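All values below come from the heavy atoms of this structure, side chains included, with hydrogens, waters and symmetry mates left out. It should be emphasised that the depicted structure is a prediction, and the values quoted were computed from it without experimental measurement.
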Amino acid sequence: MPQLSKLLLNRPDIGLKTYIVVPKDRAEELVEGLVKKGLFEPLPPTEASEALEVIKKRLELSEKGLTLYKELNSLIKRSVDVEIRELPWDTDEALEKLVKEFESIYNVVKSLVDEVKKYEEELERLQVLKLVINDLVSRFKVVDKSLIDYVGDYLVFKTLYGGGKDFEDMLSRALKVITLITISEGRVVAVVVFERKTYETLKNYLSKFEIRTPKFLEGIATSEWLVSIDRKVEEIKGGINELVSRISEILESRLYELALLKLLSEIVHGEVELLRNALNSKYMTLVIGWSLKSKRVELEKYLSSFKGYAVFEEDPNPPVEFNNYRVFKPFEVLTEIMGYPAHYEWDPTPLLTYFYLIFFSLMFPDIGYGIGLIIGARFVLPYFVESRETLKKLVNIATYAGIVGIVTGLLSHNFLGSLIGTYLGYIIPQVLPSLPPRLSDPEVLGSAILTYIGISMIVGYYSILIAHGLGLIKNIVISRNFINVILEFLIILTTVFGPAAIEAFFGLHTDVLGILRFIDPQTLLYLTISVVISYAVIRSITDRPFGALLWIFDILGILADVLSFVRIAGIALGGAILAELINNLIFSTISTLSYINIIIGVIVGASISLLLHLVNLGLSSLGPFVHSLRLIMYEVSSKFYEGCGRRIIPISVVSTRVRLGSTT
């Protein structure tokens with residue numbers, strides 16, 4: 001299927017942002033090789049410096065993404081495997097979006113985690129206080145608040161919780177340690193007695209170790225403290241569980257995105273870290289530019305001989321290059337006139353080639369003129385076109401155009417008009433209409449003109465139908481614009497039903513597709529009117545305020561586009577009539593001079609024939625070139641092609657011969 005698509009609507013070759021890292025001492029040699037092979041389009045210095053800034057930003061972005069992933073991943077309690085189904089086209093844009101999204105998520109989660117920590121600290125202190133109370137009860141049978149937290153004129157009782165050297169220094173300066181309980185390795189709780197003077201000196205240091213009596217115990221008898229503490233502990237545990245559930249719920253709902261954040265951050269970080277190391281190296285240098293995706297392997301193979309390497313990056317708006325078969329290469333100039341295809345578009349060159357040659361062949365149906373065009377292009381065009389590449393393309397286009405002109409000339413029995421074409425009937429039956437020899441029969445002349453106009457309009461009708469069909473496919477597959485899909489579908493229905501509706505209403509023979517054989521005329525009229533009204537309503541609503549008028553131009557534009565193809569008949573008939581007038585003059589000249597000498601008459605007639613037919617060839621060939629191009633630009637490609645891309649310009653050197661010194 002990909003090879004078949006290259007015969008109709010091709011895909012352009014996409015450019016990749018390319019970072020080439022190479023030893024500094026071989027950079028010049030590498031550039032020479034790239035110039036000769038045409039593998040690389042380096043960025044200008046200003047764009048290169050901008051690209052370096054982008055590298056720094058990408059590195060910061062990837063590091064931020066990895067940090068966010070590590071922080072959030074540490075909060076996921078269960079192990080889970082996430083399969084990344086598809087990587088986004090624009091890695092940087094997707095990563096930037098994910099980082100912003102997870103920054104806001106992280107802020108929410110962090111606030112919840114901070115609340116959990118506060119609860120856990122409070123819970124830990126309550127459990128320590130409970131241990132102290134139980135110990136005091138076991139030793140003194142009763143507990144008084146003053147044993148846990150009391151400040152008197154001479155003595156101070158404090159409950160301290162902590163560890164380390166500072167904590168041991170505090171205990172060493174106490175008058176007495178009433179109780180000492182080891183909670184964990186390096187962490188103890190103690191009820192101590194200080195002199196008031198000592199306490200005042202140590203007050204600021206004691207605050208971070210001190211366990212105060214909670215406010216909820218105020219006003220409660222000490223005998224009820226343990227029950228109240230147990231109740232408070234359960235309440236705090238419930239709060240912690242609720243917060244942990246909320247954190248888990250937030251993270252569980254974003255597991256796929258979190259995994260994608262990790263993957264994209266690692267990809268970008270891997271690419272950029274490599275480049276940053278090259279920039280910071282004394283021995284390596286970095287060259288930035290564009291290379292074609294199709295030449296990636298060739299570029300990497302070439303770089304390997306320089307002990308260099310390349311990092312390729314897909315850009316959201318890359319340059320492109322044509323990727324057509326050799327036979328379509330000359331006709332790329334037609335697409336260039338309308339603009340290069342964007343990376344997401346079709347390259348219409350193959351399809352436009354068919355349309356161009358069909359239109360040209362119908363405007364230029366003469367064997368003699370076709371042969372003359374092929375020969376003349378090779379000998380005349382070099383005087384007017386300086387660029388060798390452009391000249392080669394134009395000569396090839398003229399050659400193909402001459403060949404199809406010969407084919408239609410054979411089918412219409414035209415060889416310098418009827419001068420030689422009259423005798424072609426003995427070789428092949430006539431398929432296309434032609435003018436009567438020397439315009440001698442007005443009835444045949446009128447019939448030929450009307451037939452050619454009809455053929456031109458039929459060709460135009462099917463061309464417009466195909467163009468709108470491609471526009472519909474484009475809106476479905478590429479643009480994915482639902483409104484445009486509906487509008488384009490309604491235009492196609494109007495194009496299909498319109499000719500039959502005109503025949504049903506006006507009685508003209510315009511039912512090209514034979515629809516009236518299947519649908520009743522009145523039903524068809526109602527159906528066509530319904531389609532037009534639907535189009536007008538949708539266009540008016542979606543393109544306010546101008547849509548209320550634009551729909552009229554769209555509907556009438558179908559007829560205008562088809563009528564535009566009448567130029568095919570006009571140009572073909574104009575050249576054919578002039579050829580017949582020349583033939584008439586030739587025969588008259590030969591007949592007149594034959595009274596003097598038959599040989600003189602033939603020689604003069606042949607000379608006049610050659611001269612005048614050459615003039616007609618020049619006049620008749622220019623019109624088909626211009627108007628075939630106009631038809632494919634405005635009537636065909638405008639329905640489905642935008643041409644808003646940029647062509648990649650790889651550096652290349654083409655060897656050529658230059659003559660130096662004296663030419664005498």
Side-chain angles (χ1 to χ4, degrees), residues 9 338-339 342 344-346 348 351 355 453-454 456-568 630-644:
L9 291 170
M338 295 175 284
Y344 56 83
E345 275 192 295
W346 296 312
L351 190 66
F355 277 118
I453 291 174
S456 301
M457 293 183 67
I458 290 174
V459 169
Y461 175 78
Y462 282 109
S463 298
I464 298 302
L465 196 57
I466 292 171
H468 280 295
L470 292 173
L472 177 63
I473 296 172
K474 174 203 165 187
N475 282 305
I476 294 173
V477 177
I478 298 177
S479 302
R480 297 181 181 179
N481 187 314
F482 179 73
I483 297 298
N484 286 344
V485 169
I486 298 298
L487 290 174
E488 197 66 60
F489 181 68
L490 292 173
I491 281 288
I492 292 174
L493 289 180
T494 304
T495 307
V496 170
F497 295 145
I502 291 173
E503 179 171 330
F505 191 78
F506 295 103
L508 303 175
H509 298 292
T510 54
D511 185 10
V512 180
L513 300 176
I515 293 177
L516 288 173
R517 290 179 297 175
F518 308 102
I519 303 177
D520 177 70
Q522 189 172 5
T523 303
L524 181 63
L525 282 173
Y526 288 137
L527 184 60
T528 306
I529 292 171
S530 300
V531 170
V532 172
I533 291 174
S534 299
Y535 183 86
V537 171
I538 297 174
R539 192 83 154 94
S540 300
I541 294 173
T542 56
D543 291 328
R544 288 181 292 183
F546 302 109
L549 293 175
L550 290 176
W551 74 268
I552 301 174
F553 294 99
D554 293 341
I555 298 299
L556 294 180
I558 301 170
L559 179 60
D561 287 340
V562 173
L563 291 176
S564 181
F565 281 80
V566 174
R567 73 184 67 238
I568 293 177
R630 188 208 177 280
L631 287 174
I632 64 171
M633 282 182 63
Y634 294 105
E635 273 68 46
V636 178
S637 64
S638 61
K639 309 295 187 294
F640 63 90
Y641 182 64
E642 297 176 14
C644 55

All heavy atoms of Ile483 vs all of Asn481, minimum pair found to be N-OD1, 3.2 Å

When every non-hydrogen atom of Tyr461 is compared with those of Val496, the smallest separation belongs to OH-CA, 3.5 Å

With side-chain contact (heavy atoms from CB on, under 4.5 Å) as the criterion, how do Ile458 and Tyr462 come out once you've worked through the C-alpha distance, each side chain's angles and the decisive distance to 0.1 Å? CA-CA 6 Å; Ile458 290 174; Tyr462 282 109; 3.6 Å; yes

Any side-chain heavy atom of [X] within less than 4.5 Å of one from [Y]?
X: Phe489; Y: Ile476; value: no
X: Ile491; Y: Lys639; value: no
X: Glu488; Y: Lys474; value: no
X: Leu351; Y: Phe640; value: yes
X: Leu487; Y: Asn484; value: yes
X: Asp561; Y: Tyr634; value: no

Pairwise distance [atom1]([X]) to [atom2]([Y]) - rounded to 0.5 angstrom:
X: Ile529; Y: Tyr526; atom1: CD1; atom2: OH; result: 7.5 Å
X: Thr495; Y: Ile558; atom1: OG1; atom2: CD1; result: 3.5 Å
X: Phe505; Y: Thr510; atom1: CZ; atom2: OG1; result: 12.5 Å

